[in-house]
Amino acid sequence: MCGRFTQFSNPDELAELFSVREFAAFIPEPSYNLAPKQFLRAIVGHENRRLGALRWGLVPAWAKSEEIGQKLINARAETLAEKPSFREAFKKRRCMIPANGFYEWRKSAKGKVPMYIYQKSEKPFALAGLYEIWRTPAGESLGTCTIVTTEPNSLMASIHNRMPAILSPANIDSWLDRSISETAQLHQLLQPFPSEKMAAYKISSLVNSPKNNSEACFKPVSLSDASTEIS
DNA sequence: CCAGACGTTGTT
DNA sequence: GTCTGG
DNA sequence: CCAGACGTTGTT
DNA sequence: GTCTGG
């Protein structure tokens with residue numbers, strides 16, 4: 001699963017790296033500990049990619065209240081086309097969520113150990129997401145999203161049984177293209193990201209508190225942990 | 001027909 | 001909104 | 001994802 | 001244990 005991650009690159013860097021053509025009025029502040037229910041930065045659109053904000057936890061168009069969003073923070077890649085909550089967004093409202101890294105808690109005999117996983121290049125990468133624009137009872141629009149998960153690659157398998165779907169640079173364009181809606185073609189874009197391009201290390205429990213979004217969250221708990229990182 | 005669900009994860 | 005269960 | 005709450009009454 | 005909040 002993917003329930004916490006970082007977003008700290010400048011909007012300008014993201015624009016350069018991901019061919020963003022427009023900026024929304026509201027772009028959330030950088031965060032070292034993004035949690036569900038918070039507004040995150042997302043890129044939508046195809047011909048004109050736009051960097052803006054979506055709230056994490058998808059609220060389907062038919063929902064009578066936004067409550068359901070807290071459950072829909074992840075969507076399994078394998079069943080996107082079937083699930084009532086996701087199938088419409090899967091066809092027409094796909095987005096990408098730039099991330100610098102993400103967190104997973106590895107279970108050991110001693111308890112859960114938080115880990116930070118990132119790209120060896122240390123560049124931001126693209127998480128596959130779906131979004132909806134929900135109409136509130138008051139008539140206002142609320143943009144919400146979910147992060148797609150997939151099978152773990154070999155690095156992630158040592159930490160967890162799922163991982164977020166990371167879009168290879170070559171696949172981002174097709175993922176965002178609304179004219180594509182063929183399930184098999186879209187599933188093809190969601191293959192597990194290559195293990196060789198990723199690395200992970202242990203971090204401190206500072207990350208556990210969703211209220212703490214300081215830079216210290218993703219730092220190695222000690223030098224020895226940095227040097228014994230998995231890769 | 002109407003009512004109720006609509007999700008993922010990990011753990012047992 | 002749409003499907004499943006009763 | 002983890003942390004933290006988990007209740008009602010009457011009074012201000 | 002389970003739900004809500006961040």
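No experiment lies behind these values; they were computed from the predicted model shown. Side-chain atoms are counted along with the backbone in the values below, which use heavy atoms only and exclude waters and symmetry mates. A, B, ... follow the sequence lines: proteins, then strands. Residue 1 opens every chain.
- E/dT4 is paired with D/dA3 under the criterion used here, namely a Watson-Crick or G-U wobble arrangement in which both key atom distances are under 3.5 Å.
- Nucleic acid contact class of A/L58 (heavy atoms, under 4.0 Å, all strands): none.
- Annotation: E/dG6 and B/dA5 have their C1' atoms spaced 27 Å apart (nearest Å).
- Annotation: E/dT2 and B/dT12 have their P atoms spaced 14 Å apart (nearest Å).
- A distance of about 30 Å separates the C1' atoms of D/dG7 and B/dG7, rounded to the whole Å.
- Evaluation of the side chain to side chain donor-acceptor pair (under 3.5 Å) test over residues 57-67 of chain A, restricted to residues two or more places apart or in two chains, returns A/R55-A/E66.
- Nucleotide C/dG1 holds its C1' atom 8 Å from the CZ atom of A/R87, rounded to whole Å.
- Here the separation of B/dT11 from E/dG1, taken at their P atoms, is 13 Å to the nearest Å.
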Report, one pair per line, the protein and nucleotides 4-6 of chain C atoms (nitrogen or oxygen only) whose separation is under 3.5 Å.
none

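- Separating the CZ atom of A/R106 from the C1' atom of D/dC1 is a distance of 17 Å, rounded to the nearest angstrom.
- As rounded to whole Å, 16 Å separates atom C1' of D/dA3 from atom OH of A/Y103.
- Residue pairs that meet the side chain to side chain donor-acceptor pair (under 3.5 Å) test with at least one member in residues 76-86 of chain A, sequence neighbours left out, are A/E78-A/R162.
- Applying the side chain to side chain donor-acceptor pair (under 3.5 Å) test to residues at least two apart or on different chains, the pairs with a partner in residues 207-221 of chain A are A/W105-A/N208, A/N212-A/S214.
- For D/dG10 and E/dC3, the C1' atoms lie 27 Å apart once the distance is rounded to whole Å.
- Rounding to whole angstrom units, CG of residue A/N33 and P of D/dC2 are separated by 11 Å.
- Across all strands, A/K37 comes closer than 4.0 Å to base atoms (heavy-atom distances).
- Counting only residues at least two apart or on different chains, no ring-ring contact (aromatic ring centres under 6.0 Å, His included) pair has a member in residues 119-141 of chain A.
- Here the side chain of A/T6 pairs a donor or acceptor atom with the backbone of A/G101 at under 3.5 angstrom.
- A distance of about 12 Å separates the P atoms of D/dC1 and B/dT8, rounded to the whole Å.
- Judged as a side-chain hydrogen bond (donor to acceptor under 3.5 Å, both in side chains), and not counting sequence neighbours, A/Y32 has no contacts.
- Using a 4.0 Å heavy-atom cutoff across all strands shown, A/R55 reaches no nucleic acid atom at all.
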Take A/Y116 and A/F102 through the ring pair (Phe, Tyr, Trp, His ring centres under 6.0 Å) test and state the conclusion after the steps. CA-CA 6 Å; A/Y116 185 62; A/F102 58 92; 7.9 Å; no
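- In terms of the salt bridge (Lys or Arg N to Asp or Glu O under 4.0 Å) criterion, residue partners of A/R50 (sequence neighbours excluded) are, by chain and number, A/E22.
- For A/S9, the side-chain hydrogen bond (donor to acceptor under 3.5 Å, both in side chains) partners two or more places apart in sequence, or in a different chain, are A/N100.
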Would you please test A/E132 and A/R93 for salt bridge (charged side-chain N to carboxylate O under 4.0 Å, His left out) and show each step? CA-CA 7 Å; A/E132 282 285 354; A/R93 286 177 295 278; 3.0 Å; yes
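- Base pairing of D/dT8 is not made with any nucleotide, judged by Watson-Crick or G-U wobble geometry with both donor-acceptor distances under 3.5 Å.
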Under a 4.0 Å heavy-atom criterion, the protein footprint on nucleotides 5-12 of chain B, written with B, S and -, is -BBSSSS-
